[in-house]
Q: 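One structure follows; several queries about it will come next.
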Amino acid sequence: MRLKSGGYSVKSKVIISGSVIEVYEYENSVYKGYKSNGGRDKVADDESKEKNRKDTLRRARQNLRRTVNANVWAYGERCLPKFLTLTFGDNVTDLDVAHYEFLKFIKRLNYLVFGTKVANLRYTAVPEFQKRGAVHYHVVLYNLPFVESKVIEEVWGNGFIKINKIDDVDNVGAYVCKYMVKELDDRLRGRKCYFNSRGLFKPIVIEDEKKVENIKNSLPGEKRTVFTVYENDYTGITIYKQYNLNKSN
DNA sequence: CGGAGCGGACTGAGCATACC
DNA sequence: GGTATGCTCAGTCCGCTCCG
């Protein structure tokens, strides 16, 4: 349905992130492509701020999950995805210092593996504060060929590392999200709570009514992992279903 | 010399935020 | 659920240093 503002309305939506397929069905049509006066022109009060932060964190987690699922296992048999945990030996608590070291590490590892300064390494990283206050990183490497963990530890050079291949996790995105800070930490206020390399695959969003219908009809019921109904101020009663084609029965 | 790695300048993608 | 805004930071290019 076209709207006079040039926008259109959507009743249902499908988002495909790798093997994970999400289906949204809205009670109220959702308008897209219209002009709104969103944006910022004043500072929110404390109560709104709290709400905004929770919103931000929820969305960040959602985007993180989708991005990871859209990229994991997307780079062929020879570059299977790996989990990497980077820990600082020294008690590095400053995010700027940590990020700086992290970026240098990515550059070195990229150079070692691909023999070029062009950034080929594809990754997603989530910083986390440990109990002792030190920063450490959970990284998903999407296209790293086999490298001995001893070598990676040398390249890191800031402490110890742990690397695992990812094989028996159905929903890697959800798994990584667990590492993302639960409550938005003050130390991460206004900062990125995860970051990606450029050039990653993006989740595919389908809004065309016929295509959505076709997909809905072809989804195998036994692969459904989530079914929830919730109410939202803007979409009304919303039905959410999630399928994972990797789900083992 | 040449490989490895750092860092500065520039640029644009995308994250956090605010509001509908 | 959506969009708009602001701005940080990741990628690129490339020159420099260090060190064998």
Side-chain angles (χ1 to χ4, degrees), chain A residues 1 3 5-15 22-67 70-71 95-127 137 139 151 154-158 180-181 184-203 205 207 212 228-240:
Chain A
M1 179 174 80
L3 299 172
S5 61
Y8 56 100
S9 82
V10 170
K11 276 187 163 161
S12 56
K13 178 174 82 171
V14 170
I15 299 178
E22 296 164 273
V23 181
Y24 288 86
E25 289 167 86
Y26 308 117
E27 180 192 17
N28 305 336
S29 292
V30 174
Y31 298 98
K32 300 192 64 161
Y34 61 93
K35 285 274 176 196
S36 94
N37 27 320
R40 273 186 271 194
D41 47 22
K42 59 184 182 224
V43 179
D45 58 39
D46 286 350
E47 198 183 326
S48 309
K49 257 186 187 159
E50 274 314 298
K51 186 184 167 295
N52 288 337
R53 285 177 76 190
K54 278 191 177 157
D55 247 20
T56 297
L57 194 61
R58 186 182 53 77
R59 282 180 166 160
R61 193 171 277 135
Q62 195 174 57
N63 290 333
L64 172 64
R65 177 171 53 76
R66 286 176 186 154
T67 301
N71 284 277
L95 257 191
D96 291 325
V97 175
H99 280 5
Y100 172 71
E101 287 303 323
F102 176 80
L103 282 181
K104 281 195 299 182
F105 163 73
I106 289 292
K107 274 188 176 185
R108 290 194 299 263
L109 186 62
N110 185 85
Y111 193 69
L112 174 82
V113 170
F114 299 104
T116 169
K117 294 180 184 182
V118 175
N120 285 330
L121 198 59
R122 297 285 178 266
Y123 67 89
T124 294
V126 178
Y137 291 100
V139 190
V151 175
E154 273 167 33
V155 174
W156 172 232
N158 283 300
M180 214 173 103
V181 282
L184 196 43
D185 199 301
D186 260 356
R187 290 168 291 188
L188 282 170
R189 185 191 278 271
R191 312 281 313 242
K192 295 185 178 188
C193 49
Y194 71 97
F195 40 91
N196 295 314
S197 63
R198 282 198 193 170
L200 294 182
F201 293 109
K202 301 221 173 354
V205 179
E207 294 168 333
V212 168
T228 51
V229 179
Y230 62 90
E231 198 162 358
N232 177 292
D233 283 353
Y234 300 103
T235 61
I237 294 168
T238 302
I239 302 169
Y240 174 79

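Labels below follow one simple rule: chain letters A, B, ... track the order of the sequence lines, proteins then strands, and each chain is numbered from 1. Below, each value reflects all heavy atoms present in this structure, side chains not excepted, and no hydrogens, waters or symmetry copies.
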Q: By nearest heavy atom, map A:V30 and A:N196 onto DNA chain C; which one lands nearer the 5' end?
A: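 Final value for this comparison: A:V30.
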Q: If you compare every side-chain N and O of A:R58 against the phosphate oxygens of B:dT17 (OP1, OP2), does one of them come in below 4.0 Å?
A: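 No, outside the criterion.
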Q: Assign each of A:K49 and A:K104 to its nearest nucleotide of DNA chain B by heavy atoms, then name whichever residue's nucleotide is nearer the 5' end.
A: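 The residue mapped nearer the 5' terminus is A:K104.
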Q: Is the shortest distance from a Lys or Arg side-chain nitrogen in A:K51 or A:D45 to a carboxylate oxygen in the other one below 4.0 Å?
A: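 A salt bridge is absent here (no side-chain N lies under 4.0 Å from a carboxylate O).
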Q: What's the closest nucleotide to the side chain of A:R53 if the choices are C:dG1, B:dT17, B:dC15?
A: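 Nucleotide nearest to A:R53's side chain: B:dT17.
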Q: Give a yes/no answer on whether the side chain of A:N232 brings an N or O atom under 4.0 Å of OP1 or OP2 in C:dG1.
A: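 No, because none of the side-chain N or O atoms of A:N232 sits under 4.0 Å from OP1 or OP2 of C:dG1.
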Q: Can you give one letter per nucleotide of nucleotides 12-20 of chain C, 5' to 3': B if a protein heavy atom sits under 4.0 Å from the base, S if only from the sugar-phosphate, - if neither?
A: S-BB-----
Q: Would you mind classifying the nucleic acid contact of A:L112 as base, sugar-phosphate or nothing, using non-hydrogen atoms under 4.0 angstrom?
A: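 Touches nothing.
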Q: Please tell me which of the listed nucleotides, C:dG2, B:dA18, B:dA16, lies nearest to the side chain of A:C193?
A: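 Of C:dG2, B:dA18, B:dA16, B:dA16 is nearest to the side chain of A:C193.
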Q: To the side chain of A:Y26, which of C:dG1, C:dA10, B:dT17 is closest?
A: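 Looking only at side-chain atoms, A:Y26 lies closest to C:dG1.
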Q: Pick base, sugar-phosphate or nothing for A:Q62, based on heavy-atom distances below 4.0 Å to the nucleic acid.
A: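 Sugar-phosphate only.
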Q: From the set C:dG11, C:dT3, B:dA16, return the single nucleotide nearest to any side-chain atom of A:A60.
A: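 Nearest listed nucleotide: B:dA16.
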Q: Within the structure shown, what part of the strands sits under 4.0 Å from A:Y240 by heavy-atom distance: base, sugar-phosphate, or nothing?
A: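 A:Y240: no heavy atom of the nucleic acid under 4.0 Å.
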Q: Which nucleotide in the set C:dT3, B:dC6, B:dG3 lies at the smallest distance from any side-chain heavy atom of A:R59?
A: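 From the listed options, C:dT3 comes nearest.
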Q: Do the side-chain N or O atoms of A:Y234 get closer than 4.0 angstrom to the phosphate oxygens (OP1, OP2) of B:dC20?
A: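 So the side chain of A:Y234 is outside the cut-off, no N or O lying under 4.0 Å from OP1 or OP2 of B:dC20.
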Q: Which part of the nucleic acid does A:S48 contact within heavy-atom distance under 4.0 Å: base, sugar-phosphate only, or nothing?
A: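 Nothing, no nucleic acid heavy atom in range.
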